[in-house]
Amino acid sequence: MNHNPQSSDGKHDDDSALSDFLASLMDYAPTIPDELVEHYLAKSGFQCPDVRLIRLVAVATQKFVAEVASDALQHCKARQAAVVKDKREKQQKDKRLILTMDDLSKSLREYGVNVKHQEYFAGSPSTGIDPASREE
């Protein structure tokens, strides 16, 4: 009697699926170039001649960046919705979303990445803002 919950056929199916996936990476052109991934892997001390593994890292990195960006967008929308709620008497002319370092930091913190950035000090609140976009 076989007490192993995973039969040899199931293992063969998993191996076949993995082989098919790795083969599909050869035809895939990731957003992050192979050379960039190779550079950072080499910088961390990892050398691999297999292009499929390089592309697998690129795909994983692309997914991570997309998730962080999506979460940061949600933080941005929530922050700007709170600002609009506070200023109901003023109509918001500009509907553009402005992603801040705080939005990105909050998103990255959810993934265990702590970002420390220097505070920006200005002589007045309008310093560094385009004169045409300043509210009078």
To check you understand the geometry: which heavy-atom pair defines the closest contact between A42 and Q47, and what is its length? CB-NE2, 3.4 Å
For D34, is there any backbone N or O sitting under 3.5 Å from a side-chain donor or acceptor partner on R55? no
From CG (D14) to OG (S19), nearest 0.5 Å: 10.5 Å
Check the hydrophobic clustering (I, L, V, M, F, W, Y; side-chain heavy atoms under 4.5 Å; chains of links allowed) and say if V113 and L104 are grouped together. yes
Any side-chain heavy atom of I98 sitting closer than 4.5 Å to one from D103? no
Treat each ILVMFWY residue as a node, draw an edge where side-chain heavy atoms are under 4.5 Å apart, and state whether L36 and F46 are in one component. yes
Cluster link F64 to L25, ILVMFWY, side chain under 4.5 Å: no
Set of residues satisfying side-chain hydrogen bond (donor to acceptor under 3.5 Å, both in side chains) with respect to D50, sequence neighbours excluded: R52
Distance from M101 atom CE to L108 atom CG, nearest 0.5 Å? 7.5 Å
Side chains of residues 66-75: which donor-acceptor pairs under 3.5 Å do they make with residues two or more places apart or in other chains?
residue, atom, partner, partner atom, Å
E67, OE2, K63, NZ, 2.1
D71, OD2, Y111, OH, 2.8
H75, NE2, E110, OE2, 2.9

Just verifying a value: how many Å separate L99 CG and C76 SG, rounded to the nearest 0.5 Å? 5.5 Å
So for atom OH, which belongs to Y40, do other residues, nucleotides or ligands contribute more than 12 heavy atoms lying within a distance under 6.0 Å? no
OH on Y28 to CG on L56, rounded to 0.5 Å: 11.0 Å
CG/L41 to CD1/I54 distance, rounded to the nearest 0.5 angstrom? 5.0 Å
Under a 4.5 Å side-chain heavy-atom rule over Ile, Leu, Val, Met, Phe, Trp and Tyr, are V51 and F21 clustered together? no
So, taking the atom named CG in L18 and the one named CG in D13, what distance separates them when rounded to the nearest 0.5 Å? 12.5 Å
